[in-house]
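Every chain is numbered from 1 and lettered A, B, ... according to where its sequence line falls, protein lines coming before strand lines.
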2 protein chains.
Amino acid sequence: MNIYDIAQLAGVSIATVSRVVNDSPRVSEKTKQKVMAIMEENGYTPNVFARGLGLDSMKTIGIMCPDVSDAYMATAIAHLESRMHEHGYDCILCCTGYEQSVKEKYVSLLLAKRIDALIMVGSVYSGSGGSDSLVQYVRDAAKNIPVFLINGYLDHENVYCAYGDDYQATYDVTSQMIERGRKRILFLCDSHSYSATQKLEGYESALKSHGLPVLGDLKLYVKNRIHSVRDILLERRDLKFDSVVATDDGLAVGAIKYANSKLLKIPEDLCITGFNNSALSICSDPELSSVDNKVEELCNLTINNMMKILHGKAEEVSRDTKIPCRLVKRCTTDF
Amino acid sequence: MNIYDIAQLAGVSIATVSRVVNDSPRVSEKTKQKVMAIMEENGYTPNVFARGLGLDSMKTIGIMCPDVSDAYMATAIAHLESRMHEHGYDCILCCTGYEQSVKEKYVSLLLAKRIDALIMVGSVYSGSGGSDSLVQYVRDAAKNIPVFLINGYLDHENVYCAYGDDYQATYDVTSQMIERGRKRILFLCDSHSYSATQKLEGYESALKSHGLPVLGDLKLYVKNRIHSVRDILLERRDLKFDSVVATDDGLAVGAIKYANSKLLKIPEDLCITGFNNSALSICSDPELSSVDNKVEELCNLTINNMMKILHGKAEEVSRDTKIPCRLVKRCTTDF
DNA sequence: ATGAAAGCGCTAACAG
DNA sequence: CTGTTAGCGCTTTCAT
């Protein structure tokens, strides 16, 4: 059942049918009704491939993330999909992992599929700052379609960034710890992404501005697995710390497990903060104070920008949006 | 840059270029090399829309799930995407929520996009058993393309099911509790899906076969939010129970929180099991014993079946595969 | 082994 | 307001 069949049954030309399908005003109400009725009767659906071929678009966007099974990204993707769907777009999901070559391959695949735009979720797509060659594939993609970074930053034509102010959030949290008398704050991290770098800078900067030394020992990079974090902390008996700033909830929960198994009191003996305000933070015991970086807000903002751009209003949108994050206080902090 | 350009540059016809692109054996090695070189040089990529129009396929499958931000589904989808990608297929992700009309709408959208197959993750897509009219849209989809249910069951031509044996798993867990002397086992549930029904039957069946009564009070249906579960349990002071069989980890963690805030000893005073073996189960304190229903295995099985079917070997695959689940024992059980 | 040409189903410019 | 027609880029017979 194609447009010709419908045209014939309705006794009109295919152009008229096409106009009806595309809701053109240049059709009389009467023929419109007739054609619609016939389409309805026959359960006609326009062929998306043919339409795509003509319009060079299938109203599809690509969403890349390193790993949907991560709670933070999953939440982001759920929001993005739902908002895109409202706008009549479909989403091709790509879980790229963290390997450079795989990320690059996914981008070319997506470009070959002629997606209308690309969203990249996670700071792993912006290298550690933006100017290195590791992000060349992002710039290349931007030559063809608008690219949206969520929680990443890259200064380039046709790439639009939205991210939480990780620097400031970490600065604030660290400062509050110091003002509460903490002297040895452990910075617990699992990556060297742009976001991680921002957090580290916030941490160090708070230390410095409060006259505390930045100690290399107190910057610990580990794999993000709860038990492994706990065990590493347990083994490092040399390492003394009275508080933990973790760059992710999983790491923070690891620290909680460590404290619990050493029978340390939280927050008195050990003050802990996490990042992302995920389900983990209300699941642990005691419940975790965690920085909420507003995924939902970032997603909405991104979608709104995208719609403007896809409708030719690129000048209305900023390429760089930073939004403030704040600590959701629970039981692992004394401030 | 299209096939005509390449043909011209290579001094051959578009048919030859097409043959090279599709790796047809009916091209001389020499021209093949030449054409490939030219394509390489010019970074030529065949237009997927045009190809789709001719072949009526764009090597894309649809994946539906009620909510990717749920850890269990996120894991499933991560696996599915990665396996499909290996096979050269892209995935359109649809987060349908739980509403009937939305689920139906997504299916028609997906069919209109001419996907090659459809995967539905979660037992919400199989009604409460399979024969009611609520699953008609699934049957309709199956008229056009193969449909794969993960964790759902529906007996119908062209729909293929893979699910964990929730009945048996719940039967076993409940039985062990009884054999350990538990008398009042709370069945904590948040839905009436096919899977939930299976679990309930396993629970009741274990009770009966051990000569225990099935008490309506001890079947509690609640919303799956940790704190709300805890609070409901706290408020129901009339309700006496010495153990909890929860149909999801979130619910089980709610029960843990309840026990902790009443200073009940786990598992002595309250024995608890969850379902899905998610990150929550190692995050809580004490850590949760949880039934692992082998998402990964279900996903692999599904993809393998799908590949066979898409390659015309439908007779080789069973429409109904049930796999055993087992309890991962942690600290909330005494068996 | 290669080429010519007929679709695939739709959109849009153009003509009435 | 409606119809005619030329693409869109590729696959696939059917000739050669």
Side-chain angles (χ1 to χ4, degrees), chain A residues 1-39 42-60 88 90 109 111-116 144-145 310 312, chain B residues 1-39 42-60 88 90 109 111-116 144 310:
Chain A
M1 182 68 36
N2 61 28
I3 200 171
Y4 291 94
D5 299 324
I6 299 296
Q8 190 146 38
L9 289 171
V12 297
S13 74
I14 60 164
T16 301
V17 177
S18 177
R19 288 190 187 101
V20 171
V21 168
N22 294 290
D23 205 33
S24 155
R26 313 176 334 144
V27 199
S28 76
E29 191 56 33
K30 198 176 150 195
T31 46
K32 183 171 177 170
Q33 292 308 328
K34 184 166 66 182
V35 172
M36 298 236 286
I38 306 247
M39 294 197 304
N42 296 274
Y44 167 71
T45 324
N47 182 305
V48 283
F49 300 145
R51 183 179 258 172
L53 184 54
L55 302 178
D56 199 31
S57 157
M58 248 179 68
K59 298 256 264 176
T60 300
D90 283 339
L109 240 42
L111 290 179
K113 285 262 177 168
R114 309 255 173 174
I115 53 174
D116 296 304
N144 300 288
I145 48 170
L310 292 179
Chain B
M1 181 71 33
N2 62 29
I3 200 171
Y4 291 93
D5 300 324
I6 300 296
Q8 192 145 40
L9 289 171
V12 298
S13 75
I14 60 164
T16 300
V17 177
S18 177
R19 288 190 188 102
V20 171
V21 168
N22 294 289
D23 206 34
S24 155
R26 310 174 338 141
V27 199
S28 74
E29 190 56 31
K30 198 177 150 193
T31 47
K32 183 170 179 174
Q33 291 308 328
K34 183 166 65 183
V35 172
M36 297 237 287
I38 305 244
M39 296 196 303
N42 295 273
Y44 166 72
T45 324
N47 182 305
V48 282
F49 300 144
R51 184 178 257 173
L53 185 54
L55 302 178
D56 199 33
S57 157
M58 247 178 68
K59 297 257 265 178
T60 300
D90 283 339
L109 239 43
L111 291 178
K113 285 261 178 169
R114 311 254 173 174
I115 52 173
D116 296 305
N144 300 288
L310 292 179

If you assign each of B:Arg114 and B:Val12 to its closest nucleotide in DNA chain C, which residue comes earlier from the 5' end? B:Val12
With B:Lys34, which residues qualify under salt bridge (Lys or Arg N to Asp or Glu O under 4.0 Å), at least two apart? none
Is there a side-chain polar atom (N or O) of [X] under 4.0 Å from OP1 or OP2 of [N]?
X	N	answer
A:Ser13	D:dT4	no
A:Ser28	D:dT2	yes
B:Asn2	D:dG9	yes

Show me the donor-acceptor pairs within less than 3.5 Å that the side chains of residues 45-57 of chain B make with the rest of the protein, sequence neighbours left out.
{"unit_1": "B:Asn47", "atom_1": "OD1", "unit_2": "B:Phe49", "atom_2": "N", "d": "2.7"}
{"unit_1": "B:Asn47", "atom_1": "OD1", "unit_2": "B:Ala50", "atom_2": "N", "d": "3.0"}
{"unit_1": "B:Arg51", "atom_1": "NH2", "unit_2": "B:Asn22", "atom_2": "OD1", "d": "3.3"}
{"unit_1": "B:Asp56", "atom_1": "OD1", "unit_2": "B:Arg114", "atom_2": "NH1", "d": "3.3"}
{"unit_1": "B:Ser57", "atom_1": "OG", "unit_2": "B:Lys59", "atom_2": "N", "d": "3.1"}
{"unit_1": "B:Ser57", "atom_1": "OG", "unit_2": "B:Asp116", "atom_2": "OD1", "d": "2.9"}
{"unit_1": "B:Ser57", "atom_1": "OG", "unit_2": "B:Asp116", "atom_2": "OD2", "d": "3.2"}

Got a sec, which residues hit side chain to side chain contact (heavy atoms under 4.5 Å, CB included) with [X], two or more places apart in sequence or on another chain?
X	value
B:Asn42	B:Met1, B:Ile6, B:Leu9, B:Ile38
A:Ile145	A:Leu111, A:Ile115, A:Leu118
A:Ile3	A:Ile14, A:Val17, A:Ser18, A:Tyr44

Listed partners of A:Ser24 passing side chain to side chain donor-acceptor pair (under 3.5 Å), at least two apart: none
By side chain to side chain donor-acceptor pair (under 3.5 Å), which residues pair with B:Gln33, not counting sequence neighbours? B:Glu29
On a heavy-atom basis, the closest approach of A:Ser13 and A:Ala7 is C-CB, 3.7 Å
Looking at five pairs on each end of the helix from C:dA1-D:dT16 to C:dG16-D:dC1, what is the angle between the two axes, given to 10 degrees? 40°
Kindly indicate, with the supporting measurements, whether the criterion side chain to side chain contact (heavy atoms under 4.5 Å, CB included) is fulfilled by B:Asp90 and A:Lys113. CA-CA 9 Å; B:Asp90 283 339; A:Lys113 285 262 177 168; 2.6 Å; yes
Range on DNA chain C touched by chain B - first to last nucleotide, heavy-atom distance under 4.0 Å: C:dA1 to C:dG9
Roughly how many Å is it from CG in A:Asn47 to C1' in D:dC10, rounded to a whole number? 14 Å
In whole angstroms, the gap separating P of D:dG7 from CG of A:Leu53 amounts to 14 Å
Each nucleotide in nucleotides 11-16 of chain D should get exactly one letter: B, S or -. Can you fill that in based on protein heavy atoms under 4.0 Å? BBB---
By the salt bridge (Lys or Arg N to Asp or Glu O under 4.0 Å) test, which pairs, at least two apart or in different chains, include something from residues 3-27 of chain B? B:Asp23-B:Lys32
